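For the numbers below, each heavy atom of this structure counts, side chains included, while hydrogens, waters and symmetry mates do not. Small disclaimer: the values here were computed from a predicted structure and weren't measured.
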Amino acid sequence: QAVATWCAGGWGAKALPLQAPLAMAAIPIRVRADRAIIKRQKDEFLHETRMEQEADQFRVKHNGLWENKTAATIRTNRVKSKAVALEAEHKAQLQQRRARLAQKLSAEMRACEQEMVEREETPQQRMEKMATRAYELKKRREDERQAVVQEKLYQQWRSGIDDLRTMDSKLVALKTIADRDFQLDEKAERLAEEKQHDQFYDRLWIEGYHAKAEREEREKAMKRDRGAQQTRVLDLQLGMKQTRLQQEKEHQQAETEEMKKLWKAQEVEEKESIIREKILAREERNKADEHAAIQRDQIAREVHAEKQFDRNFVDGVLARERKLTEQEQFEKRRAKQKTIEFTEALKIEMAKKAANEDELVRLQQEDMDRQWNKRYQQWEKEELARRALMEEVYGDRAEQVYLKQEMRDQLKNEVVQEKNMIDTEVERLEAIERDRAGGEKLVTQRHQEELFRQMDFHQVQRHRQMQQHSIEQRQAAIAEEKIRRAVHAEKVTANEVMKEILHKRATQRPHATVMAPWDR
């Protein structure tokens, strides 16, 4: 099989037919080698062509990617510039809006301040307003108390009449019966609805059960059909497999015979090719030795030239370094000489100023004292400035605390004064009210005394008794008539309510047979 595969791949075309094994043996070895070379050249040409195509495709792809990235970068930059412009415009609009809002706010503040100034009330106005408010609250509380008293009196009067209590008990019993009837109806409707729901879900369950049984029957039938079909297919596949194995076995035997013949011819060809390869290898080795000797000579010349160039370069660099070192040493010596001269001159100057070492030490000490005094004066100035700043801060803080305390005391005094004024005004109004009531009472008493003086005491007493008796009779008749009318109105109202309840039971629940206890 390996030899057949090699033969099929070596020709680059269709494999040799197994029915003509001697055709290959009849082809000369040189012709087969030339064909192999030509095929390898063709393969190399195809490989180079494919590589060039791949390289062109790679270049085109990268050019496209670069163009896409460039376009995306340009688009991004345009978007960024547009965003920056929009942001700048938005900031400008925002600044304009802020300016307009600041103007509006200042105008509103001025208007509010003006309105507050206009609406500021005087203590007299506040006193009048508080007095009016106190009177209104007192009147409203008295009205509420009177309403509660009237309601309780009405309840007391109603509970003291037997007929109204009987009507109330009947009315409550009827309302209770009606509510119970409606509850029974709602319960019956709910039970009927639940029964309908149960029947509906029972029907659905039965239908689902029958559908599931039918589906199971269909699945069983389909499973039997698939089993029979699968059995037939397996039998057919087994027959085909046995036939194919038999054919492959026969084909394998024929290939084995043909390959044995080809293998013998290949062994002979390989022996000849080994001898040719040894000869060619010996020739190639001689050529390689000659080429290697030439390369060694060339490399030795190049190494010598490179060493010579490096030596010249290093000598030049060392010479420049030497010159630079000498220049630096000269500069150092000159600087050192200048330093020595300056020191000598300084020593001479110092020796002129100080006759001896003690004078020099004294001068140095004086210089140090002057520097220390200067720094000490600077520190004193900073400390004095710091203390002045702290005193100023503490003074400002104390002044702020004093001002806040004065403002707080002033507010407290104003509140106390306002409270005293309100109390004074209330006391004044109460005193006026007391004086007015006392004056009215005094006038009434004087008027009565004047009438008593004009009329006889007995006549006045008899007149008073008759007047009081008639007033009492008239008030009793009026009260009795009011009670009668009120009882009649309450009875009419209760009868209407009972009729309405009975009518509602008769119309909304016509099958009701429950009767009131007093109608049985």
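Judged as a salt bridge (charged side-chain N to carboxylate O under 4.0 Å, His left out), and not counting sequence neighbours, the contacts of Lys91 are Glu87. For Lys419, the salt bridge (charged side-chain N to carboxylate O under 4.0 Å, His left out) criterion is met by Asp423, not counting sequence neighbours. Applying the salt bridge (charged side-chain N to carboxylate O under 4.0 Å, His left out) criterion to Glu248, with sequence neighbours excluded, gives Arg244.
Ion pairing between Arg301 and Asp297 fails under the 4.0 Å rule for side-chain N and carboxylate O.
Sorted by first then second residue, the ring pair (Phe, Tyr, Trp, His ring centres under 6.0 Å) pairs that include residues 37-56, not counting sequence neighbours, number zero. The ring pair (Phe, Tyr, Trp, His ring centres under 6.0 Å) pairs that include a residue from residues 206-239 are Trp205-Tyr209, where partners are two or more places apart or lie in different chains. Sorted by first and then second residue, the salt bridge (charged side-chain N to carboxylate O under 4.0 Å, His left out) pairs with a member in residues 103-116 read Glu115-Arg119; sequence neighbours excluded. Applying the ring pair (Phe, Tyr, Trp, His ring centres under 6.0 Å) test to pairs two or more places apart or on separate chains, those with a residue in residues 62-115 are Phe58-His62. Identified under the salt bridge (charged side-chain N to carboxylate O under 4.0 Å, His left out) test for residues 187-202, with sequence neighbours left out: none. The list of salt bridge (charged side-chain N to carboxylate O under 4.0 Å, His left out) pairs with a residue in residues 44-55, not counting sequence neighbours, is empty.
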Going by atom type alone, with no hydrogens or angles, which donor-acceptor pairs under 3.5 Å involve a side-chain atom of residues 406-416 and a protein atom two or more places apart or on another chain?
unit_1: Glu406; atom_1: OE2; unit_2: Tyr402; atom_2: OH; d: 2.5
unit_1: Arg408; atom_1: NH1; unit_2: Gln405; atom_2: OE1; d: 2.8
unit_1: Asp409; atom_1: OD1; unit_2: Gln405; atom_2: NE2; d: 3.1
unit_1: Asn413; atom_1: ND2; unit_2: Asp409; atom_2: O; d: 3.0

May I have the list of side-chain donor-acceptor pairs in residues 380-390 shorter than 3.5 Å, sequence neighbours left out?
unit_1: Glu380; atom_1: OE2; unit_2: Tyr376; atom_2: OH; d: 2.8
unit_1: Glu383; atom_1: OE1; unit_2: Arg386; atom_2: NH1; d: 2.6
unit_1: Glu383; atom_1: OE2; unit_2: Arg387; atom_2: NE; d: 3.3

Solution key, residues 215-242 side-chain donor-acceptor pairs under 3.5 Å, sequence neighbours excluded:
unit_1: Thr231; atom_1: OG1; unit_2: Gly227; atom_2: O; d: 2.8

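Atom-to-atom distance recorded for Arg75:CZ and Thr70:OG1 is 11.0 Å, nearest 0.5 angstrom. Between the CG atom of Asn373 and the CD atom of Gln378 there is a distance of 13.0 Å, given to the nearest 0.5 Å. Interatomic distance, CD1 of Ile294 versus CD1 of Ile299, reported as 12.0 Å (0.5 Å rounding). In this structure, OG1 in Thr176 is found 10.5 Å from CG in Asp181, a value given to the nearest 0.5 Å. Once rounded to the nearest 0.5 Å, the distance linking CD of Glu255 with CG of Leu262 reads 11.0 Å. A distance of 14.0 Å separates CZ in Arg98 from CG in Leu105, rounded to the nearest 0.5 Å.
Between Arg276 and Glu272, the closest side-chain pair of non-hydrogen atoms falls below 4.5 Å. Taking the side chain as every heavy atom from C-beta outward, Glu89 and Gln93 approach each other to under 4.5 Å. Between Glu277 and Leu280, the closest side-chain pair of non-hydrogen atoms is not below 4.5 Å. Between Leu204 and Glu207, some side-chain heavy-atom pair lies under the 4.5 Å cut-off.
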query: Does the pair Tyr201 and His197 meet the rule for a side-chain contact (heavy atoms from CB on, under 4.5 Å), with working shown?
result: CA-CA 6 Å; Tyr201 287 118; His197 289 174; 4.3 Å; yes
message: Please determine whether side-chain hydrogen bond (donor to acceptor under 3.5 Å, both in side chains) holds for the pair Gln247 and His251, giving the CA-CA distance in whole Å, both sets of side-chain angles, and the decisive distance to 0.1 Å.
response: CA-CA 6 Å; Gln247 291 177 359; His251 187 66; over 6 Å; no
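Considering Met259, Glu267, Lys260 as possible partners of Trp263, the one that fulfils the side-chain contact (heavy atoms from CB on, under 4.5 Å) test is Glu267.
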